[in-house]
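In what follows, a single structure is set out as structure tokens and then discussed.
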Amino acid sequence: MQTENTLIQALTAAFQAQFGVEVAPAEITLQPTKKEFAGHYTLVVFPFVKLTKKSPEETARLLGEYLAQHMPEVAGFNVVKGFLNLELAAQVWLGQLAAILQNPQFGQVTPHGRRVMVEYSSPNTNKPLHLGHLRNNFLGFSVANLMAANGYQVMKTQVVNDRGIHICKSMLAYQRFGQGETPEAKDLKGDHLVGDYYVIFDKAYKKEVEQLVAEYQAADPTADPEKLKEKAAKNAPLMQAAQTMLRQWEEGDPEVLALWRTMNQWVYSGFNATYQAMGVNFDKVYYESETYLLGKKIVDEGLARGLFFRKPDGSVWVDLTSDGLDQKLILRADGTSVYITQDFGLADEKYADFPMEQSVYVVGNEQDYHFKVLKLVVNKLGRPYAAGIYHLSYGMVELPTGRMKSREGTVVDADDLMAEMVEIARQKTQELGKIEELTPVEAQQLYHQLALGALKYYLLRVDPKKNMTFNPEESIDFQGDTGTYIQYTHARTAAIGRRAAAEQVPTDPSSFGAVATLAPAESELLQWLSQYPKKIQQAGSELAPSVMASYAYEVARAYGRFFHDLSIFNEPDPARRSLRVALSAATGQVLRQALELLGIAAPERM
RNA sequence: GGCCCCAUAGCUCAACGGAUAGAGCAACUGCCUUCUAAGCAGUAGGUUACAGGUUCGAGUCCUGUUGGGGUCACCA
């Protein structure tokens with residue numbers, strides 16, 4: 001990137017010298033030259049021909065000539081139509097290589113103290129995590145890493161949705177049918193146990209509703225079936241009982257609270273195991289049971305300031321029609337707060353805990369509207385954090401048959417999926433038989449790293465905005481454009497490093513400084529490596545792990561060609577041998593860090 | 001119905017407004033007595049949903065149409 005800036009500076013001088021025109025550095029962007037053309041960096045001159053008053057070819061030629069004459073870094077240039085392709089001297093690339101190796105933090109932005117909070121995961125405590133949560137967690141964790149690499153002080157949080165009618169449903173089913181079961185006794189993860197009772201509730205409840213509908217229908221055969229169903233859904237004894245339980249919970253009924261604590265504890269220990277397997281973590285956890293009342297103060301504030309209004313039934317609303325949205329309920333007629341009200345309160349709470357410039361919410365795109373409202377309202381309330389709110393909205397993970405539905409049992413469970421992937425990684429690794437020297441514990445760790453690497457990359461390489469399809473029939477690949485491939489490439493660089501250390505090949509810059517020309521595979525690899533700082537910045541500003549994923553893949557490909565085309569230890573020239581070992585080391589360094597930003601482990605051998 | 005998102009090779013996905021739209025998978029073909037073949041190289045596969053427009057230049061921006069998804073709950 002340093003080189004790029006130097007070139008841009010030189011280009012402004014070239015515009016001045018050749019055409020007498022001022023062009024600001026910000027207006028000049030260089031792009032890597034496409035493979036099919038000679039050169040390393042390309043300037044598109046079309047935007048400047050109005051200023052230079054020459055043809056695109058002439059403009060490019062004059063700029064190229066100036067650079068070639070005045071810049072020792074520029075070894076040559078060629079012009080194709082309006083494209084000026086610049087070729088850099090070998091010394092520039094060798095300098096880049098030295099810079100990478102001498103700086104273990106290469107590419108990272110020095111800390112500047114600005115703060116960002118990243119909220120992700122945010123599960124309900126009534127069922128285990130599924131594939132959608134995996135996408136969420138991997139995204140959130142990676143975004144947090146990317147922000148840290150961009151110099152931010154990062155606070156990772158999750159908001160646990162631990163109260164509400166859904167929890168009461170599980171509790172009720174357990175109370176009725178549980179017979180004192182525990183996760184330990186049943187040898188089942190707590191979150192799965194509680195989830196099972198949620199399903200049991202749902203089944204029993206459905207049966208009740210059907211029965212009621214039949215009764216209603218018998219009593220009044222002419223009634224609208226839809227209306228009857230609605231009525232039955234409300235009146236079913238199980239639903240009534242769940243509502244009652246929710247009220248008891250809010251009133252602090254000791255028995256209900258005790259059951260609630262016990263079952264939530266089961267869920268948390270289950271979640272913790274899942275988070276550990278996923279390799280994600282949090283700096284602070286917010287529990288909705290502790291924050292859900294906070295929003296009420298804000299309701300009062302909004303009413304006092306005339307931003308909200310009260311309807312005759314006592315409910316409180318905010319009118320957003322002038323912003324192109326609807327009227328939105330803020331407080332129920334019975335005085336209880338709704339989802340968004342809790343989020344107002346929580347937003348204040350978060351800012352009080354950690355005054356941040358940016359606040360990223362990693363939440364599915366079905367809540368786009370919710371976050372639009374949230375941001376709008378806190379902005380109207382004049383909150384300092386309002387402008388920094390960013391909803392990182394991601395699409396659903398769908399099955400070939402459509403959306404996952406817990407009611408239909410088509411949910412892909414996170415624990416199951418990870419376990420399956422580990423098993424496939426184990427089989428595959430043992431078939432290849434390259435890791436005999438690993439202990440059983442190390443081998444098991446490797447299978448896990450490979451499984452999670454494949455899974456994470458699979459979910460992160462896609463643009464978050466888009467819905468994606470997951471086909472359980474076809475297992476996630478370990479070949480081609482995959483996390484495995486990048487891990488494999490890293491392991492290869494590590495193997496080179498081990499042998500180089502054994503043979504005591506020097507790799508300090510002076511050992512390869514005498515190399516005068518670079519092979520294409522060498523300079524192409526170096527060019528990719530030198531892009532790393534720019535990619536970190538891009539991925540950070542776009543909050544896009546996919547940028548880092550495809551970058552890592554490109555580096556791995558460039559190394560694959562390099563590794564295949566050129567021999568390292570059979571190279572007779574010691575300087576060139578050192579260069580290639582150094583290139584391997586630099587590649588390993590960049591890949592390891594890029595993978596780390598994605599939350600993917602980089603094994604030393606596989 | 002209003003609003004939001006999406007549509008690119010058989011499949012899964014890429015492509016700061018820039019050159020002949022790229023990868024992987026699947027199919028076919030080569031390459032392991034030499035550093036990790038989970039690799040490398042090649043063949044084949046495209047009217048970028050459709051119609052207009054803006055621009056020196058459009059998969060990308062604008063308008064419309066079609067198709068898919070989401071959302072518009074006193075659920076969270």
Side-chain angles (χ1 to χ4, degrees), chain A residues 29 31 33-37 42 44-47 49-50 56 80-83 85 122 124 161 163-167 288 292 311 313-317 324-326 328-334 336-340 342-343 364-370 372 393 395-396 398 400 402-403 425 428-429 431-432 434-435 450 454 458 461-463 465-471 474 476-482 484-489 491-496 498-500 503 534 538 542 546 549-550 553-554 556-557 559-571 580-581 584 605-606:
Chain A
T29 47
Q31 45 189 278
T33 302
K34 293 213 166 202
K35 257 209 312 272
E36 54 267 44
F37 300 97
T42 296
V44 183
V45 301
F46 292 110
V49 295
K50 263 174 267 163
V80 181
K81 293 188 279 182
F83 299 88
N85 301 318
S122 303
N124 290 352
N161 192 352
R163 49 141 251 130
I165 191 74
H166 52 289
I167 317 293
E288 204 187 281
Y292 78 107
K311 286 195 177 176
D313 67 357
S315 58
V316 177
W317 297 72
L325 304 179
D326 301 314
K328 186 89 189 161
L329 178 85
I330 302 288
L331 197 71
R332 294 189 188 103
D334 64 8
T336 58
S337 49
V338 293
Y339 176 43
I340 196 150
Q342 301 170 28
D343 255 11
N365 62 9
E366 69 268 16
Q367 297 201 30
D368 285 356
Y369 185 75
H370 170 83
K372 228 185 230 174
S393 162
M396 266 181 298
E398 292 171 324
R403 194 173 182 172
K428 187 92 191 160
T429 306
E431 271 167 36
L432 289 168
K434 295 184 191 175
I435 55 152
L450 295 177
Y458 178 84
R461 63 189 271 261
V462 180
D463 177 355
K465 217 170 28 190
K466 292 186 180 175
N467 287 359
M468 59 186 297
T469 311
F470 172 78
N471 189 346
E474 307 163 10
I476 292 170
D477 262 309
F478 289 84
Q479 259 152 28
D481 184 2
T482 63
T484 316
Y485 172 67
I486 300 166
Q487 290 175 313
Y488 174 71
T489 306
R492 280 173 140 185
T493 67
I496 296 297
R498 286 191 293 271
R499 178 160 168 192
E503 298 187 9
K534 207 175 163 183
Q538 190 193 342
E542 294 174 15
S546 62
S550 61
Y553 178 60
E554 290 297 344
R557 291 189 65 195
Y559 187 80
R561 285 188 287 267
F562 162 84
F563 189 88
H564 178 267
D565 293 355
L566 305 168
S567 177
I568 296 172
F569 295 104
N570 289 338
E571 167 59 41
R580 290 179 186 164
V581 171
S584 291
R605 47 185 102 215
M606 60 188 272

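Below, each value reflects all heavy atoms present in this structure, side chains not excepted, and no hydrogens, waters or symmetry copies. So you know, we letter chains A, B, ... as the sequences are listed, proteins then strands, and number each from 1. Please read all numbers here as calculations on a predicted model, not as lab measurements.
- B/rC16 and B/rG57 have their C1' atoms separated by 15 Å, with the value rounded to a whole Å.
- Comparing the same atom, P, in B/rC50 and in B/rC11 gives a spacing of 15 Å after rounding to whole Å.
- Heavy atoms of A/K50 sit nowhere under 4.0 angstrom from any nucleic acid atom.
- The listed nucleotides are B/rC35, B/rC74, B/rA19; the one nearest the side chain of A/N85 is B/rA19.
- For B/rG57, the base is not stacked against the aromatic ring of A/F46, per a cut-off of 5.5 Å between centres and 30° between planes.
- The OH-P distance, from A/Y553 to B/rG24, rounds to 5 Å in whole Å.
- The closest donor-acceptor contact from the side chain of A/T429 to the backbone of A/A425 lies under 3.5 Å.
- The base of B/rA7 has none of its N or O atoms less than 3.5 Å from a complementary donor or acceptor on the side chain of A/N467.
- Considering only the side chain of A/T469, B/rC13 comes nearest among B/rU36, B/rC13, B/rC74.
- If you take atom C1' in B/rU48 and the same atom in B/rG42, they sit 26 Å apart, rounded to whole Å.
- Taking 4.5 Å as the limit, every side-chain heavy atom of A/M468 sits out of range of all side-chain heavy atoms of A/M396.
- Nearest nucleotide to the A/L329 side chain, out of B/rC40, B/rC74, B/rG69: B/rC74.
- Minimum atom distance to the side chain of A/F563 is reached by B/rA37, of the listed B/rG69, B/rC6, B/rA37.
- If you check B/rA14, B/rU12, B/rA19 against the side chain of A/R461, the one that comes closest is B/rU12.
- Both thresholds, 5.5 Å between centres and 30° between ring planes, are met by A/F37 relative to the base of B/rA19, so the two rings are stacked.
- Residue contacts shown for A/T336 are absent, as no nucleic acid heavy atom lies under 4.0 Å away.
- Separation of the P atoms belonging to B/rU54 and B/rG59 is 16 Å when rounded to the nearest angstrom.
- Between A/K311 atom NZ and B/rC74 atom C1' there is a gap of 10 Å when expressed in whole angstrom units.
- The gap from the P atom of B/rG22 to that of B/rA41 amounts to 16 Å, rounded to the nearest Å.
- Contact check for A/H564 versus A/Y559: no side-chain heavy atoms found under the 4.5 Å cut-off.
- Relative orientation of the A/F470 and A/Y458 rings is perpendicular, given thresholds of 30° and 60° on the angle between their planes.
- The shortest non-hydrogen separation linking A/R332 to A/S337 is NH1-O, 3.4 Å.
- In this structure, NE2 of A/H564 is placed 16 Å from P of B/rG30, rounded to the nearest angstrom.
- Note: NZ (A/K328) to P (B/rC3) measures 18 Å, nearest angstrom.
- Atom NZ in A/K34 sits about 6 Å away from atom P in B/rG22, given to the nearest Å.
- Judged by a 6.0 Å distance limit and a 45° cone about the ring axis, A/R163 is positioned over the six-membered ring of A/Y292.
- Here the separation of B/rA27 from B/rG53, taken at their P atoms, is 44 Å to the nearest Å.
- Geometric assessment of A/R461 against the ring of A/Y553 yields a negative cation-pi assignment under the 6.0 Å and 45° thresholds.
- Taking for each of A/T484 and A/E554 the nucleotide of RNA chain B with the nearest heavy atom, the 5'-most of the two is the partner of A/E554.
- Side-chain atoms of A/T42 lie closest to B/rA19 of the nucleotides B/rU34, B/rC74, B/rA19.
- Counting any heavy atom pair closer than 4.0 Å across all strands shown, A/V462 reaches sugar-phosphate atoms only and no base atom.
- Among the protein residues, A/R403 comes within range of the sugar-phosphate backbone only, with heavy atoms under 4.0 Å from sugar or phosphate atoms but none that close to a base.
- The side chain of A/K81 has B/rA19 as its nearest neighbour among B/rC13, B/rA19, B/rG18.
- Here A/D463 lies in heavy-atom contact (under 4.0 Å) with sugar-phosphate atoms only.
- A/L331 comes within 4.0 angstrom of nothing in the nucleic acid, heavy atoms only.
- For RNA chain B, each stem of at least three Watson-Crick or G-U pairs (distances under 3.5 Å) is given as range with range: B:1-7 with B:66-72, B:10-13 with B:22-25, B:27-31 with B:39-43, B:49-53 with B:61-65.
- Side-chain contact check for A/Y369 versus A/K328: some heavy-atom pair is nearer than 4.5 Å.
- Residue A/L566 is in base contact, counting any heavy-atom pair closer than 4.0 Å across all strands shown.
- Stacking annotation: A/F83 is stacked on the base of B/rA19 (ring centroids less than 5.5 angstrom apart, interplanar angle below 30 degrees).
- Among the heavy atoms of the strands lying under 4.0 Å from A/N570 is at least one base atom, whether or not backbone atoms are also near.
- Taking the side chain of A/R557 as heavy atoms from C-beta on, and the options B/rA76, B/rU71, B/rA23, the nearest nucleotide is B/rA23.
- For A/K35, no side-chain nitrogen or oxygen approaches OP1 or OP2 of B/rA21 to under 4.0 Å.
- Using a 90° window around 0 for the glycosidic torsion, B/rC32 falls inside it and is classed as syn.
- Taking side-chain N and O atoms only, A/R499 has no distance below 4.0 Å to OP1 or OP2 of B/rU36.
- Across the protein-nucleic acid pair, A/R605 atom CZ and B/rG39 atom P stand 20 Å apart, rounded to whole Å.
- Here A/M606 lies in heavy-atom contact (under 4.0 Å) with a base.
- Following rounding to the nearest Å, A/E398 (CD) and B/rG69 (C1') show an atom-to-atom distance of 7 Å.
- No donor-acceptor distance shorter than 3.5 angstrom exists from the side chain of A/N467 to the backbone of A/G395, with no hydrogens or angles considered.
- A residue-by-residue look at A/M396 and A/I496 shows that A/I496 has its nearest nucleotide of RNA chain B further toward the 5' end.
- Among all heavy-atom pairs drawn from A/V581 and A/F569, the shortest one is CG2-CE2, 4.2 Å.
- Side-chain proximity of A/Q367 to B/rC35, B/rA76, B/rU71: nearest is B/rA76.
- Within the nucleic acid shown, A/G164 has no heavy atom closer than 4.0 Å to any nucleic acid atom.
- Checking the phosphate oxygens (OP1, OP2) of B/rG39, no side-chain nitrogen or oxygen of A/R561 falls inside 4.0 Å.
- Separation of the P atoms belonging to B/rG46 and B/rC6 is 26 Å when rounded to the nearest angstrom.
- In this structure, A/K466 does not reach the B/rC13 phosphate: none of its side-chain N or O atoms is under 4.0 Å from OP1 or OP2.
- Atom-to-atom, CD of A/E288 to C1' of B/rC75 comes out at 11 Å; the value is rounded to the nearest Å.
- Between A/L331 and A/L329, the shortest heavy-atom distance links the atoms O-CD1, 3.3 Å.
- The shortest side-chain heavy-atom distance between A/S584 and A/I568 falls under the 4.5 Å cut-off.
- Residue A/P47 is in base contact, counting any heavy-atom pair closer than 4.0 Å across all strands shown.
- Side chain of A/R332, nearest nucleotide from B/rG18, B/rC74, B/rU34: B/rC74.
- Nucleotides B/rC25 and B/rU34 are separated by 31 Å at their C1' atoms, to the nearest Å.
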